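Fair warning: this is a prediction, and the values are worked out from it, not measured in the lab. In what follows, chains carry the letters A, B, and so on, assigned in the order in which the sequence lines appear, proteins first and then strands, with residues in each chain numbered from 1.
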2 protein chains.
Amino acid sequence: MTMPLKTVFYTIEKTIKEYRKFSQRNLIKIEKHITVDQALVLNILKEQPGLSQKEIAGLLYKDVAAMTRMIEGMVKKGMLKKLPYPEDKRRSLIQPTDKGEAILEKIIPVVLKNRKLALEGLTEEEVHTLNALLNKILTNLNRNS
Amino acid sequence: MTMPLKTVFYTIEKTIKEYRKFSQRNLIKIEKHITVDQALVLNILKEQPGLSQKEIAGLLYKDVAAMTRMIEGMVKKGMLKKLPYPEDKRRSLIQPTDKGEAILEKIIPVVLKNRKLALEGLTEEEVHTLNALLNKILTNLNRNS
DNA sequence: GTATTTATTATGATATATCAATTATATTTA
DNA sequence: TAAATATAATTGATATATCATAATAAATAC
């Protein structure tokens, strides 16, 4: 087996892990006790209110069980609230609390800056190319599974 | 904040997660109870015998504590053995057992095929470009951290 | 309209990750 | 060489992930 560490998959994994660590470090500077994923949940709920836990899980690429527990944790920490969802009693209406919204406002600029710093020196076309190549791989994976 | 789900970082994360799942599914078909990371450890130790746990952790991009437990698990399952490491008593010499080697031989073709399927339709140049673009991001992350 | 199937969420068991603190050994330095 | 510092690995506490199963509600089939 040629060294797995020299494959492009290793580079992909390394990049996303470094990016997550980088983002996490910068997030914590301005808001202790928040994780990258929690920030994403707050943002998603702000932009698409009324999503189900399953839908949020899908967007964050997580398991629904993991999402149950993550949201539970965020409710405990006062960032989210769960209200009854009239049309479907299996679900809840999940909303950021005032505290959650305040946190989100604080972290948005950090998230934007993180992305900007990480993509420094890449042209729009390069970012587009990167996306396109990754999508080719994704297509292969879906076709073969 | 523009939707995080539309950023290239989301695509990167999605790609590596899908690739891991894809690999895991195919691995399990021929060898129950082995994970992608365990396969990588076996392979690394075969190609670079005598690495320390810390070095292996670095290559797999994991914490040393996680590596301690992972290796512990693989020893319990009979895939690895830990021998005394003469020059430095803090370390152990970690080696695949016969069973571990046999497993590795079985899975190598699967790993190679996984990679091939995932990269189907991409030219060598495209793979090279993908790598280069990711490395640009990695450089940014390192410089800014 | 009841029974069956499907969908959403929650839970239990287990595995893995992360961070801090600890232990044992090596290395440096004064 | 003794003391201080650094390194490799382990452990404990906590968080998160994953898979199977269960509980509840909704949708569909009969």
Side-chain angles (χ1 to χ4, degrees), chain A residues 13-14 16-25 27-28 32-41 45 50-77 79-95, chain B residues 13-14 16-25 27-28 32-41 45 50-77 79-95:
Chain A
E13 180 139 21
K14 188 170 176 180
I16 200 63
K17 284 191 174 171
E18 288 279 12
Y19 178 67
R20 280 206 160 241
K21 281 189 187 170
F22 174 75
S23 304
Q24 186 67 67
R25 273 196 306 273
L27 263 190
I28 282 185
K32 273 205 178 104
H33 307 305
I34 194 157
T35 68
V36 170
D37 285 325
Q38 289 171 349
L40 288 173
V41 168
L45 283 172
L51 287 187
S52 70
Q53 294 187 192
K54 193 186 175 186
E55 288 164 331
I56 300 170
L59 292 175
L60 284 202
Y61 224 72
K62 289 188 190 305
D63 189 87
V64 288
M67 193 48 58
T68 293
R69 281 152 178 149
M70 187 177 167
I71 285 173
E72 200 173 71
M74 292 178 74
V75 169
K76 256 188 208 146
K77 287 183 181 162
M79 289 186 259
L80 293 180
K81 58 189 168 189
K82 292 176 84 168
L83 305 173
Y85 190 94
E87 299 103 78
D88 186 338
K89 288 180 187 168
R90 292 169 303 184
R91 302 173 47 169
S92 305
L93 180 59
I94 303 163
Q95 289 185 334
Chain B
E13 180 139 22
K14 187 170 176 180
I16 200 61
K17 284 191 173 169
E18 288 278 12
Y19 178 67
R20 280 205 159 241
K21 281 188 188 170
F22 173 75
S23 304
Q24 186 65 67
R25 271 196 307 271
L27 264 189
I28 282 185
K32 273 206 176 104
H33 308 304
I34 194 159
T35 67
V36 170
D37 285 324
Q38 289 170 349
L40 289 173
V41 168
L45 284 171
L51 287 188
S52 68
Q53 295 188 189
K54 192 188 175 185
E55 288 164 331
I56 301 170
L59 292 175
L60 286 202
Y61 224 73
K62 288 186 191 304
D63 188 89
V64 287
M67 194 47 58
T68 292
R69 283 155 179 148
M70 187 177 167
I71 286 173
E72 201 174 69
M74 291 178 75
V75 169
K76 255 187 209 149
K77 287 184 183 161
M79 290 185 259
L80 292 180
K81 58 189 167 189
K82 292 175 84 167
L83 306 173
Y85 190 95
E87 300 104 74
D88 187 337
K89 288 180 188 170
R90 292 170 302 183
R91 301 174 48 168
S92 305
L93 180 59
I94 303 163
Q95 289 183 335

Exercise. Would you kindly give the CD1-to-P distance between B:I16 and D:dA17, to the nearest whole Å?
Key: 17 Å

Quiz prompt | Rounded distance (nearest 0.5 Å) linking atom CG of A:D37 with atom CE of A:M70 | solution = 4.5 Å

Quiz item: Between D:dA17 atom P and B:K17 atom NZ, what is the distance in whole Å?
Solution: 7 Å

Exercise. State plainly whether the residues A:E18 and A:K14 are in salt-bridge range, i.e. N to O under 4.0 Å.
Key: no

Quiz item: Between A:Q38 (CD) and D:dT16 (C1'), how many Å, whole number?
Solution: 11 Å

Quiz item: Rounded to the nearest Å, what distance is computed from the CG atom of residue A:D37 to the P atom of nucleotide C:dA17?
Solution: 15 Å

Quiz item: Just wondering, are more than 12 heavy atoms of other shown residues or ligands nearer than 6.0 Å to NZ in A:K17?
Solution: yes

Quiz item: Between B:Q53 and B:T68, is any pair of side-chain heavy atoms under 4.5 Å apart?
Solution: yes

Quiz prompt | Residue pair A:A39 / A:L27: nearest heavy atoms and the distance that separates them | solution = CB-CD1, 4.2 Å

Self-check item: Contact residues, residues 81-95 of chain A to DNA chain C [heavy atom, < 4.0 Å]
Solution: A:K82, A:R90, A:R91

Quiz item: Once you round it to whole Å, what is the distance between P of D:dT18 and OH of A:Y61?
Solution: 11 Å

Practice problem: Grab the two heavy atoms, one from B:L93 and one from B:P84, that are nearest each other, plus how far apart they are. | Solution: CB-O, 4.0 Å

Exercise. Keeping the roles fixed (side chain from A:Q24, backbone from A:I34), state whether a donor-acceptor pair exists under 3.5 Å.
Key: yes

Quiz item: Rounding to a whole Å, what distance do you find between A:L51:CG and C:dT8:C1'?
Solution: 14 Å

Quiz prompt | Among D:dT10, C:dT16, D:dA17, the nucleotide that comes nearest once only the side chain of B:Q53 is considered | solution = D:dT10

Practice problem: Let me know the distance between NE2 of B:H33 and P of C:dT16, rounded to the nearest Å. | Solution: 12 Å

Quiz item: Among residues 66-75 of chain B, which residues get a heavy atom nearer than 4.0 Å to DNA chain C?
Solution: B:A66, B:R69

Quiz item: For A:Q38 and A:M74, which heavy atoms make the closest approach, and how far apart are they?
Solution: O-CE, 3.5 Å

Quiz prompt | Out of D:dA20, C:dT9, D:dA17, whichever nucleotide has its closest atom nearest the side chain of A:K62 | solution = D:dA17

Exercise. Using atom NZ of A:K32 as one end and atom P of C:dC19 as the other, report the distance to the nearest whole Å.
Key: 15 Å

Quiz item: Closer to the 5' end of DNA chain C via nearest nucleotide, is it A:D63 or A:Q24?
Solution: A:D63

Quiz item: For A:K82 and A:S92, which heavy atoms make the closest approach, and how far apart are they?
Solution: CE-OG, 3.6 Å

